[in-house]
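Just below is one structure, and these are the notes that go with it.
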Amino acid sequence: MSNGAKNNRVTISLPDGSSRDYDSPVTGTEIAADIGPGLLKAALAICLDGDLVDLRTEITRNASVEIVTVKDEDALDLLRHDAAHVMAQAVQELFPGTQATIGPVIENGFFYDFARDEPFVEDDLPIIEERMREIVKRDLEVRREVWARDEAIKYFKKIGEDYKAEIIADIPAGEDITLYRQGEWIDLCRGPHLPSTGKLGTSFKLMKVAGAYWRGDSKNEMLTRIYGTCWRDKKELEAHLFQLAEAERRDHRRIGKQMDLFHFQDEAVGMPFWHPKGWTLHRTLETYMRRELQKNGYDEIKTPILLDRTLWEKSGHWEKFGEHMYQMEMDGRTLAVKPMNCPCHVQVFNQGIHSYRDLPLRLAEFGSCHRFEPSGALHGLMRVRSFLMDDAHIFCTEDQIIPETKAFFKMLTKIYKDLGFEDVQIKFSDRPEVRAGSDEVWDRAEAALKEAVEAAGMVYTLNPGEGAFYGPKLDFILRDAIGRDWQCGTWQVDFVLPELLDANYIGEDGQKHRPAMLHRAIFGSFERFIGILIEHYEGKFPLWLAPLQVVIATITSDADEFASQIKNSLDEIGIHAKLDIRNEKISYKVREHSHARVPILWVVGKREAKEKTVSIRRLGSSEQQSLPLDKALLAIIEEARMPE
RNA sequence: GCCCACAUAGCUCAGGGGUAGAGCACUCCCUUGGUAAGGGAGAGGCCGGUGGUUCAAUUCCACCUGUGGGCACCA
């Protein structure tokens with residue numbers, strides 16, 4: 001087997017350590033068949049010296065080969081990519097004249113963008129899906145073809161696929177390109193692909209239609225996009241659909257309505273009306289944050305909401321952010337509602353003369369901001385036009401950036417943990433294209449932040465070009481109870497704004513110096529953070545956060561008086577309690593308050609009234625605990641305390 | 001801002017060219033019941049707004065507003 005004629009024998013090593021020799025060229029199909037018919041049937045592609053390629057790729061050199069089956073990590077992407085192709089074929093069979101543009105694999109599935117005069121609608125999906133199943137049943141062989149670039153352009157133009165021709169035209173001249181053919185249908189594609197459409201199986205589902213700009217640019221025409229999800233088997237598909245339903249159950253807009261926390265209405269688009277319970281939650285968070293700020297050496301301030309445009313012109317906001325600012329004409333002046341607090345904080349800093357001994361100066365504000373967000377961006381509490389920021393700006397020397405960064409990271413980690421978030425990711429964003437300040441200043445700011453983040457021992461990923469217009473930043477991203485990520489906290493180094501607004505301090509040398517300005521937030525906006533908390537906890541808040549902590553429910557009217565006394569006691573110790581002395585059965589009350597996600601139910605009947613006890617039932621449990629009232633009151637004070 | 005869909009009672013939703021229906025919630029009556037729905041009765045609506053077609057529009061059409069899902073945006 002070994003020393004065959006030169007160039008026409010190849011040695012293939014397999015993952016189990018064995019190797020086999022074949023006449024060259026050999027394909028994955030032949031190798032799989034050689035190993036066993038079961039594997040041949042399961043084979044989707046091969047991993048050739050670490051690269052995923054088609055099963056039919058001809059191997060002409062010694063190589064390590066792994067047969068990829070549905071069980072492998074890579075299989076999902078293959079399946080999803082094929083699903084996109086099968087969908088495009090189905091669409092073009094059903095709707096002749098529709099152009100296919102791009103169709104990549106995405107998280108959980110795939111999409112394909114089509115160009116068609118009349119956009120697809122939701123009702124088209126079942127029809128397309130049906131045709132896809134039929135194409136899978138046809139089990140068309142999927143064949144790779146290599147074409148000359150110019151010929152491919154000519155071909156796609158001829159068949160009316162102008163977008164494909166445009167994509168190919170962007171490939172450097174002279175390069176070959178690959179096409180994949182399945183039956184009559186052909187598509188430009190890098191591959192790899194499954195050997196035939198039958199291998200796709202049927203564990204896919206078309207999810208929704210949407211508009212999408214050609215090449216992601218709002219200046220271009222809008223295409224019609226169809227999203228699908230695709231999995232290894234039915235079970236995985238079901239699990240994914242269940243996960244989506246779970247996210248829907250947690251939707252803060254739905255829970256916010258159920259729990260009567262807030263509402264929106266047409267006269268104030270994107271601006272929430274907080275109801276008593278929602279505002280209680282809001283205030284609890286504010287009180288908690290205020291305490292943490294105090295512990296961390298911040299001074300709280302309050303600044304105006306409406307300011308003259310001249311300030312915004314100086315700060316650069318008028319130019320860089322003007323289109324997002326609410327404006328009004330009054331008494332011959334143009335005023336703008338603040339979208340951020342930073343210029344105001346510099347005004348506070350600029351009062352009087354500061355010594356280097358005053359630094360770092362940490363100015364915090366629960367700052368009410370308004371931004372005119374595009375209508376299509378609004379989303380419940382997650383993206384609003386009016387919000388309260390837990391904002392602060394630290395004025396310091398460049399040397400103080402590192403210790404301040406460390407201290408901030410510690411503060412932020414503790415706060416997130418108190419609120420139930422243990423998993424925090426960090427992104428480092430550097431200079432954006434549109435920015436203020438010279439390259440030299442940006443070099444310094446980026447270097448300073450980088451040194452600080454490393455000195456603080458933070459693990460981060462790079463997010464190039466995503467910095468604020470005045471400086472580089474860190475973003476802090478939380479993972480919630482069902483694995484979704486939310487960007488909340490931010491830490492930004494700014495050498496630009498102190499310059500623009502002429503902030504300075506007197507150094508040890510008696511000379512004027514520019515302070516560095518560190519912009520920071522932990523919640524981001526209270527609105528959005530509360531939205532995230534609602535979804536994270538599914539509205540079942542820990543006791544200290546719950547806006548309604550206890551309901552005292554009576555069994556018969558004999559206990560009404562005792563129940564009222566309990567309510568008074570709870571009011572006195574600052575526990576949010578409600579009395580339920582309605583003429584209803586106790587099981588009815590239990591059901592209703594459980595649905596309302598009340599953490600603790602104190603049930604009182606004749607027995608409790610006589611013995612001065614309460615029967616305690618907790619949300620999510622049917623166990624009952626009986627405690628003397630005074631003990632129960634002490635216990636609930638303890639349990640409802642904010643985390644230290 | 002762009003594409004598609006949607007807008008009916010406080011809430012969740014059904015209906016459909018001849019001025020409306022369910023469940024829950026609400027009010028009243030009966031019931032005082034020991035841990036996830038006791039029974040009965042009643043009230044509740046400019047069918048998002050403005051125009052158009054029609055003998056007749058909540059229903060069909062157009063525009064507007066808002067909401068939802070995406071796209072773009074997120075300093």
Side-chain angles (χ1 to χ4, degrees), chain A residues 111 113 116 118-125 207-227 248 251 253-254 257-258 260 263-270 315-325 339-340 342 369 371-380 382-384 429 432-436 466-471 473 475 487 490 492 519 524-525 528 553-560 581-596 601-608 615-626:
Chain A
F111 67 75
D113 284 348
R116 183 174 178 239
E118 195 187 334
F120 292 108
V121 292
E122 215 82 6
D123 291 344
D124 294 327
L125 298 185
M207 303 300 284
K208 54 199 171 197
V209 292
Y213 296 109
W214 167 236
R215 301 202 152 173
D217 188 333
S218 57
K219 288 196 270 299
N220 290 343
E221 56 274 35
M222 178 134 310
L223 307 173
T224 165
R225 174 175 295 180
I226 303 180
Y227 282 96
E248 213 174 304
D251 192 312
R253 293 166 299 191
R254 174 191 152 92
K257 207 177 263 177
Q258 282 173 359
D260 192 20
H263 85 269
F264 289 93
Q265 64 186 51
D266 292 4
E267 291 85 349
V269 173
S315 70
H317 287 83
W318 196 264
E319 187 199 343
K320 299 279 188 335
F321 203 67
E323 62 182 31
H324 296 286
M325 289 163 68
M340 302 178 205
C342 19
C369 297
R371 295 178 189 177
F372 186 75
E373 300 285 359
S375 60
L378 300 175
H379 180 90
M382 300 304 189
R383 189 87 178 265
V384 286
S429 300
E433 267 179 43
V434 179
R435 58 179 182 264
E466 295 294 323
F469 75 76
Y470 44 73
K473 62 173 181 172
D475 289 312
Q487 186 170 314
T490 189
Q492 310 174 356
H519 305 238
S525 92
R528 181 175 146 85
T554 51
I555 290 170
T556 66
S557 51
D558 297 326
D560 286 1
I581 54 172
R582 289 175 304 169
N583 178 12
E584 295 291 352
K585 291 199 166 157
I586 191 61
S587 47
Y588 179 92
K589 295 183 183 182
V590 165
R591 179 185 152 87
E592 196 175 271
H593 299 302
S594 300
H595 279 156
L601 212 55
W602 282 3
V603 175
V604 292
K606 265 186 210 159
R607 197 166 64 228
E608 286 79 3
S615 166
I616 303 170
R617 181 187 167 117
R618 285 164 185 280
L619 182 59
S621 162
S622 54
E623 272 175 45
Q624 294 165 46
Q625 183 198 10
S626 183

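Within every chain, numbering begins at 1; the chains are lettered A, B, ... in the order of the sequence lines, protein sequences first and strands thereafter.
Side chain of A:Y588, nearest nucleotide from B:rC73, B:rC4, B:rA37: B:rA37. Taking every side-chain heavy atom of A:V209 into account, B:rC4 is the closest of B:rC4, B:rC3, B:rG33. You'll find that the side chain of A:H324 is closest to B:rC73, out of B:rA36, B:rC73, B:rG69. Among the nucleotides B:rG69, B:rC73, B:rC71, the one closest to the side chain of A:A210 is B:rG69. The side chain of A:Y213 sits closest to B:rA72 out of B:rG69, B:rA72, B:rG33. Of the candidates B:rG1, B:rC71, B:rA36, B:rG1 carries the atom nearest the A:P374 side chain, counting heavy atoms from C-beta on. Checked against B:rC71, B:rG69, B:rG34, the side chain of A:V603 finds its nearest nucleotide in B:rG34. Comparing B:rG38, B:rA36, B:rC3 by their closest approach to the side chain of A:H595 singles out B:rA36. Side chain of A:A377, nearest nucleotide from B:rA72, B:rC2, B:rU35: B:rA72. Nearest nucleotide to the side chain of A:Y227, out of B:rG34, B:rU32, B:rG70: B:rG70.
The separation of B:rA14 from B:rA22, taken at their P atoms, amounts to 16 Å, rounded to a whole angstrom. A gap of 35 Å separates the C1' atoms of B:rC4 and B:rG44, to the nearest Å. The same atom, C1', is picked in B:rA62 and in B:rG21; the two are 29 Å apart, to the nearest Å. Using atom C1' as the reference point in both B:rG16 and B:rC3, the two lie 29 Å apart (nearest Å). For the C1' atoms, the distance linking B:rG45 with B:rC11 amounts to 15 Å, nearest Å. Distance check on atom C1': B:rU58 versus B:rA20 gives 9 Å, rounded to whole Å. For the C1' atoms, the distance from B:rA43 to B:rG38 is 22 Å, rounded to whole Å. When the P atom is used for both B:rG39 and B:rC24, the distance is 9 Å, rounded to whole Å.
Residue contacts shown for A:P119 are limited to sugar-phosphate atoms, with no base heavy atom under 4.0 Å away. At a threshold of 4.0 angstrom between heavy atoms, the contacts of A:I586 are confined to the sugar-phosphate backbone, with no base atom among them. Residue-level contact check: A:F321 touches the bases, meaning some heavy atom is under 4.0 Å from a base atom. Residue A:E122 is out of contact with every strand shown, counting any heavy-atom pair closer than 4.0 Å. The residue A:T224 sits apart from the nucleic acid: no heavy atom pair falls under 4.0 Å. Contacts of A:G216 with the nucleic acid, taken as non-hydrogen atoms under 4.0 Å apart, involve only primed sugar atoms and P, OP1 or OP2. Among the protein residues, A:S218 comes within range of the sugar-phosphate backbone only, with heavy atoms under 4.0 Å from sugar or phosphate atoms but none that close to a base.
Rounding to the nearest 0.5 Å gives a distance of 4.5 Å between OH of A:Y470 and NE2 of A:H519. Here A:M325 contributes atom CE and A:C369 contributes atom SG; the two are 10.5 Å apart, rounded to the nearest 0.5 Å.
Searching all strands for a Watson-Crick or G-U wobble partner of B:rC63 with both distances below 3.5 Å returns B:rG49. Checking B:rA20 for Watson-Crick or G-U wobble geometry (two distances, each under 3.5 Å) identifies no partner in any strand.
At a cut-off of 3.5 angstrom, counting only N and O atoms as typed in the model, there is a donor on one side and an acceptor on the other between the side-chain of A:R383 and the base of B:rC73. At a cut-off of 3.5 angstrom, counting only N and O atoms as typed in the model, there is no donor on one side facing an acceptor on the other between the side-chain of A:T554 and the base of B:rU32. A:E608 contributes a side-chain N or O that forms a donor-acceptor pair with the base of B:rG34 under 3.5 Å. Contact of A:R617 with B:rA36 (side chain to base): a donor-acceptor pair of N or O atoms is detected under 3.5 Å. At a cut-off of 3.5 angstrom, the base of B:rU35 holds no donor-acceptor pair with the side chain of A:S622.
Around CD of A:E319, the count of heavy atoms belonging to other residues, nucleotides or ligands within 6.0 Å does not exceed 12. The environment of CD in A:E221 is crowded: more than 12 heavy-atom neighbours from other residues, nucleotides or ligands sit within 6.0 Å. No more than 12 heavy atoms of other residues, nucleotides or ligands sit less than 6.0 Å from atom CD of A:E323.
For A:E323 and B:rC73, the CD to C1' distance is 9 Å, given to the nearest whole Å. The distance from atom CZ of A:R582 to atom C1' of B:rA36 is 13 Å, rounded to the nearest whole Å. Atom CE of A:M382 is separated from atom P of B:rG68 by 12 Å (rounded to the nearest Å). For the pair A:D558 CG and B:rU32 P, the computed distance is 11 Å after rounding to whole Å.
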Using the side chain to side chain contact (heavy atoms under 4.5 Å, CB included) rule, take A:V604 and A:I555 through it: C-alpha gap first, then chi angles, then the decisive distance, then the call. CA-CA 6 Å; A:V604 292; A:I555 290 170; over 6 Å; no
Dump the intermediate steps for side chain to side chain donor-acceptor pair (under 3.5 Å) on A:T490 and A:Q492, then the final yes or no. CA-CA 7 Å; A:T490 189; A:Q492 310 174 356; 3.0 Å; yes
Just the table, please: protein N/O against nucleotides 6-13 of chain B N/O, every pair under 3.5 Å.
{"residue": "B:rU12", "atom": "OP1", "partner": "A:K257", "partner atom": "NZ", "Å": "3.3"}

Atom pairs, N/O to N/O, protein against nucleotides 59-67 of chain B, distance under 3.5 Å?
{"residue": "B:rG66", "atom": "O2'", "partner": "A:D266", "partner atom": "OD1", "Å": "3.2"}

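Considering only side-chain N and O atoms, A:H379 lies under 4.0 angstrom from the phosphate OP1 or OP2 of B:rG69.
With 3.5 Å as the limit, one finds no donor-acceptor pair spanning the side chains of A:Y213 and A:R215.
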